[in-house]
Amino acid sequence: MLVPGFQDAHVHPVWAGVDLLRCDLSELSTAADYLARIAAYAAARPGTGWILGSGWSMPAFPGGTPTAEALDSVVGDRPAFLPNRDGHGAWVSSAALRLAGVDRTTADPPDGRIERDRDGNPSGTLHEGAMSLVQRLLPLPSDQELYDGLLLAQARLHSVGVTAWQDAIIGDTGDGGDAGPAYLRALAQGTLRPGWSAPCGGTAPRAGADPDLLERRDQLMTERFRPTTVKIMQDGVAENFTAAMTDAYCDRHGHPTGNSGLSFVPADVLLQAAARLTPPASSCTSTRSATAPCASASTRSSMPCG
């Protein structure tokens, strides 16, 4: 079958592009290779600033959880924050944990989990919402970095035949900057090409629905940039035991546990959000923009991630 191009229904080009500009681990596969790449990256950037990057794979480490001790061996006393390939966990250094005030007394947040050693001390991997304990301290990428990241990711996508995509998060979610302005700048400058982009119109805060979310989404609407959906991330992924399950997970030895995963948004809040995001049938009129079909703001938004 011959097709003019592929369309990717779930991708984060802007953030992925920024990660490619940093310490990119995505083409490597072993713990030794990761540490060598991080060591070289840190050595090329002396000082005390953050070591930032992404792309490690869970199977490279016992239990899928790398340690701060290993990371410290190549970054020293510098803070480091490196999300894994799926973005649902992060490898952090001891300095990063200290700066964030994360220790054995720190409780797991409702939407995440701190990986711990046998004594209860944070071991160096943060899952889901626990990443924000450190992430909130990171310097946000500049507008130029976000724009450069978009163009780099676009080139990578085009190189493998992906000519259109749906960006799975547009909006200020507090964990990497808003990708929306980068898209609008690329459209204005004619650098978003070829094909079109149909991004998701933001992420409702995990504590509840943002009353201004739909209005902001509509303000971003253009002919080729169409944020016609709203995403609510309701749970995690099975790999790190945070996907919400009916039954509890077993541990790595097959023994039952009390962990059945996480639900990021309480059921009552989720139902209210879904109702607010589903327009009544009477509002689907011909006066709506052709690029913003009424049916697109549907309860599709309650689909769990992963």
Side-chain angles (χ1 to χ4, degrees), residues 8-12 15-16 54 56-59 61 63-66 81-92 102 106-116 122-123 125-136 166-176 179 199-210 213 227 229-252 254-278 297-306:
D8 195 318
H10 185 127
V11 66
H12 300 279
W15 292 355
S54 179
W56 55 274
S57 180
M58 292 178 67
F61 301 96
T65 56
F81 181 87
L82 301 141
N84 66 12
R85 292 184 181 185
D86 64 20
H88 290 263
W91 186 9
V92 296
V102 178
T106 305
D108 289 347
D111 58 351
R113 189 178 78 251
I114 301 168
E115 197 71 28
R116 303 174 190 271
S123 61
T125 302
L126 304 175
H127 302 286
E128 304 296 349
M131 291 189 291
S132 65
L133 298 172
V134 170
Q135 203 164 28
R136 61 186 174 81
Q166 177 164 288
D167 193 312
I169 296 180
I170 296 293
D172 185 4
T173 61
D175 52 5
C200 244
T203 299
R206 291 174 181 176
D210 182 341
L213 184 60
T229 59
V230 171
K231 169 185 172 182
I232 297 176
M233 184 170 161
Q234 175 59 18
D235 67 342
V237 293
E239 293 88 339
N240 64 10
F241 312 111
T242 60
M245 298 290 183
T246 303
D247 298 322
Y249 288 96
C250 289
D251 64 19
R252 296 184 178 92
H255 301 141
T257 72
N259 174 31
S260 57
L262 300 172
S263 290
F264 299 154
V265 183
D268 58 334
V269 175
L270 180 63
L271 291 173
Q272 293 174 18
R276 291 188 68 251
L277 297 172
T278 306
S298 68
T299 52
R300 195 173 15 166
S301 59
S302 61
M303 220 175 163
C305 182

Close side-chain approach of S260 and T246, heavy atoms under 4.5 Å: no

Heavy-atom donor-acceptor pair, Y249 side chain to A243 backbone, under 3.5 Å: yes

Heavy-atom check, side chain of R136 versus side chain of M131, under 4.5 Å: no

Side chain to side chain contact (heavy atoms under 4.5 Å, CB included) assessment of V237 paired with E128: CA-CA 9 Å; V237 293; E128 304 296 349; 4.0 Å; yes

Ring centroid separation F61 to W91 under 6.0 Å: yes

Test item: N259 side-chain N/O and F241 main-chain N/O as donor-acceptor pair under 3.5 Å: yes

Under the side-chain hydrogen bond (donor to acceptor under 3.5 Å, both in side chains) test, residues paired with D251 that sit two or more places apart: none

Minimum heavy-atom distance F81-P83, with the two atoms named: CE2-CG, 3.6 Å

Atom of P66, atom of G64 and distance for their closest heavy-atom approach: CD-O, 3.6 Å

Side-chain heavy-atom pair E115, P122 within 4.5 angstrom cut-off: no

Nearest-0.5 Å distance that lies between atom CG in L82 and atom OG1 in T125: 10.5 Å

Shortest non-hydrogen contact between D167 and A179, atoms and distance: OD2-CB, 4.4 Å

Side-chain H-bond candidate by donor/acceptor type, H88 with E239, under 3.5 Å: no

Side chain to side chain contact (heavy atoms under 4.5 Å, CB included) between H255 and C250, worked out: CA-CA 5 Å; H255 301 141; C250 289; over 6 Å; no

Expected output: side-chain D235 to main-chain A244 donor-acceptor under 3.5 Å: yes

Closest non-hydrogen atom pair between G112 and L262, with its separation: N-CD1, 3.5 Å

Full working for side chain to side chain contact (heavy atoms under 4.5 Å, CB included) between R116 and S123: CA-CA 5 Å; R116 303 174 190 271; S123 61; 5.6 Å; no

Nearest heavy-atom neighbours spanning T257 and A248: O-CB, 3.1 Å

Reported CZ-to-CG distance for the pair R113 and L126, which is rounded to 0.5 angstrom: 10.5 Å

Ring geometry between H10 and H12 (parallel below 30°, tilted from 30 to 60°, perpendicular above 60°): perpendicular

Nearest-0.5 Å distance that lies between atom NE2 in H127 and atom CG in D111: 13.0 Å

Shortest non-hydrogen contact from G129 toward P109: C-CG, 3.9 Å

Heavy-atom donor-acceptor pair, Q166 side chain to D8 backbone, under 3.5 Å: no

T242 versus N240, side-chain donor and acceptor atoms under 3.5 Å: yes

4.5 Å side-chain heavy-atom contact, R85 and W56: no

